[in-house]
Each structure stands twice: as structure tokens, then as C-alpha cells.
2 protein chains.
Amino acid sequence: MSADSLSTVLSALADPTRRGLLARLAAGEATVSELAKPYDMSMAAISKHLKVLEKAGLVEQSHHAQYRPRKLNPEPLREVDVWLAEYRKLWEARFDRLDHYLRHLQGKSDA
Amino acid sequence: MSADSLSTVLSALADPTRRGLLARLAAGEATVSELAKPYDMSMAAISKHLKVLEKAGLVEQSHHAQYRPRKLNPEPLREVDVWLAEYRKLWEARFDRLDHYLRHLQGKSDA
DNA sequence: GTGGTTTTCAACTATATGGTTCAATACAGC
DNA sequence: GCTGTATTGAACCATATAGTTGAAAACCAC
């Protein structure tokens, strides 16, 4: 436990239910019951998933009456993007080599 | 188990040791013992981490003599990037708002 | 204050994860 | 074939994760 924040964010994202919740929240605030509706799962389970997302900083909670609507905070995703950027050149290089190879196969007619 | 591939990749990345292994492999092929050297951990543990990375398609294994050098395959990271791209506009929008706010604070002198 | 709604907490279960140690496998060199 | 080196497998342990159910908390409406 108490892993570095990038690990916490990535492991929060490594679950399709949680990514689904984020996608829904990208469209705007929602309550827990609204968020739970599409899933064949108890509300308590969704509540737990939301807690994981909150610990990762990806979701924030407001509080009004008995409702505790959640909203997305995309900020931690930036950290993921920064990490990924280091590798982007690698897969792009790979793509370039494939691209060159394919053009080569097509008979050097790379006009 | 048998999660979707994006989940598999993200959960493979959600561990600092495994991200360290990838960083090392980004610099070129390496054997398991070379990879294990910086870590205060048994070779068997490193071997397990590598297996997780292989299942995610991030690392490939060749086989020559008793050595089984690994190399990085950045391809699955592209899938992460595609997923992230959906959210990029959100955090950029957020940044823009902050940027505008800061310029406002600095006395509208946004020359 | 009673009743209904929304959400979380607590206890529990099953399985996954990350590590260990020791044995086994696979190969090269002699 | 024996020895040394590199790597994995098997068994095991502790803890984390993802779900369940049922009760409790917080609030609104009446």
C-alpha cells in the first residue's frame, strides 16, 4: 500500500468498470445511483470503485443533501501522459519502419 | 482473469518495478540477470514480473543458449495512448482555464 | 418523529498479487 | 557425462482486490 501516485492512478484505470465510470463522468456530474445503473453490480461495489478513483485523484465528491454527486478530475491523467510520452517515440519509430517496409514492398514506387 | 487487453496492459504498468524493467528495456535488449541486478529482489520475482509484461505484450522473449534476452514491444502502449487521447482535451481545457485565470491575476497585462 | 431515499460501513468470501525458497530444467564448456 | 550458469516451476505465505449482504447514517418530506 501507499504506492507512488502513478502506480495508484494506473491501477485505478486497470479496471473496465472504473474506466466506464470515468467515461460517464466525462459527460458531466452524476450521483452514485446514476453511475451504478448500467452495471449488474451492487451499489456498494460501485461505491468502492469510486473510492479507488477518488484515492487516485480522478474523481471528486461534492455533498448536497443525501446526494454526493461525483465529478471527473482529469488532472492525474496528465501524469500518465507524461510517462507515456517517453515511449511514444519508440512506437512511432516502429511504425515508421513498418511504413518504409510497406512502401518498399509496393515496388519502391513511393511517389 | 482473462481481462480485456487494455486492462491487462494498464495493470502491468501499475507497478514501479515493472515500469523500471520497461525503462531498462527501452535502452535495448537485456537478459533476466541483467534486469534483476538493480533490484533487491530474487531473480524468480523478476521473472514473474517479466511474465506479467509478456502477457500484456509489452515484452518479447528470444531464446539463445541458456539466455532468454527480453526486448521491449511498445505496441500495446499505443492502445493506452488512444484511450488517453479521449481525455486529453479535458485536462487541456482545464489548463486553459487556469492559464486564463493566472493571466487575469497578473493584472490583465497579458502582453 | 416516521418513512423513504441515497450512500457508506462492516463483515465476510473468493481469488489475485507479489514476494519468498528450493528444486528442476536447459544449455555450454570441458 | 560432469560442472557451472541462467532461468523457470512449485509450493507456500501475506496481503490486496472485487464482490456479496445486511445494517447504519444522513437527509428530505410529510
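So that the names make sense, note that chain A is the first sequence line, chain B the second, and so on, each numbered from 1.
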K.L.:
At their closest point, which heavy atom of Ala30(B) faces which heavy atom of Arg24(B), and how far apart are they?
P.N.:
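That closest heavy-atom pairing would be CB-NH2, 3.5 Å.
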K.L.:
Just to be sure I understand the geometry, which residues of residues 11-20 of chain B put a non-hydrogen atom under 4.0 Å away from DNA chain C?
P.N.:
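Result for residues 11-20 of chain B: Asp15(B), Arg18(B), sorted by number.
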K.L.:
Is the shortest side-chain N to carboxylate O distance from Lys89(B) to Glu92(B) below 4.0 Å?
P.N.:
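Salt bridge flag = no for Glu92(B) with Lys89(B).
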K.L.:
Distance check, rounded to the nearest 0.5 Å: Leu84(B) atom CG versus Leu13(A) atom CG?
P.N.:
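Going from CG on Leu84(B) over to CG on Leu13(A), the span is 7.5 Å.
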K.L.:
I need the residues from residues 36-54 of chain B with at least one non-hydrogen atom less than 4.0 Å from DNA chain C; give them sorted by number, or say none.
P.N.:
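Close to the strand are Met41(B), Ser42(B), Ala44(B), Ala45(B), Lys48(B), His49(B).
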K.L.:
Looking at Gln61(B), I'd like to know whether one of its side-chain N or O atoms comes within less than 4.0 Å of OP1 or OP2 on dA6(D).
P.N.:
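Gln61(B) to dA6(D) OP1/OP2: no side-chain N or O under 4.0 Å.
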K.L.:
Roughly, in whole Å, what's the span from NZ in Lys55(A) to P in dT8(C)?
P.N.:
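Result: 13 Å.
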K.L.:
Does Thr31(A) make a side-chain N or O approach to OP1 or OP2 of dT6(C) shorter than 4.0 Å?
P.N.:
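Answer is no, no contact under 4.0 Å.
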K.L.:
Indicate every side-chain donor-acceptor pair of residues 46-57 of chain A with a distance under 3.5 Å to a residue at least two apart or in another chain.
P.N.:
residue  : atom : partner  : partner atom : Å
His49(A) : ND1  : Arg18(A) : NH1          : 3.1
Glu54(A) : OE1  : Gln61(A) : NE2          : 3.4
Glu54(A) : OE2  : Arg70(A) : NE           : 2.7
Glu54(A) : OE2  : Arg70(A) : NH2          : 3.3

K.L.:
According to side-chain hydrogen bond (donor to acceptor under 3.5 Å, both in side chains), who are the partners of Ser5(B), at least two apart in sequence or on a separate chain?
P.N.:
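Counting only residues at least two positions away or on another chain, Ser5(B) forms a side-chain hydrogen bond (donor to acceptor under 3.5 Å, both in side chains) with Glu79(B).
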K.L.:
State which residues pass salt bridge (Lys or Arg N to Asp or Glu O under 4.0 Å) with Arg19(A); sequence neighbours excluded, sorted by chain then number.
P.N.:
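By the salt bridge (Lys or Arg N to Asp or Glu O under 4.0 Å) rule, Arg19(A) matches Asp4(B).
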K.L.:
Please determine if a side-chain N or O atom of Arg70(A) lies less than 4.0 Å away from the OP1 or OP2 oxygen of dT8(C).
P.N.:
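Yes, because at least one side-chain N or O of Arg70(A) sits under 4.0 Å from OP1 or OP2 of dT8(C).
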K.L.:
Hey, could you give me each pair passing salt bridge (Lys or Arg N to Asp or Glu O under 4.0 Å) that has a residue in residues 25-42 of chain B? Not counting sequence neighbours.
P.N.:
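Those involving residues 25-42 of chain B do not exist here.
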K.L.:
By the definition side chain to side chain contact (heavy atoms under 4.5 Å, CB included), identify the one residue from Val9(A), Asn73(A), Leu21(A), Thr8(A) that meets it with Leu58(A).
P.N.:
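The passing option is Val9(A).
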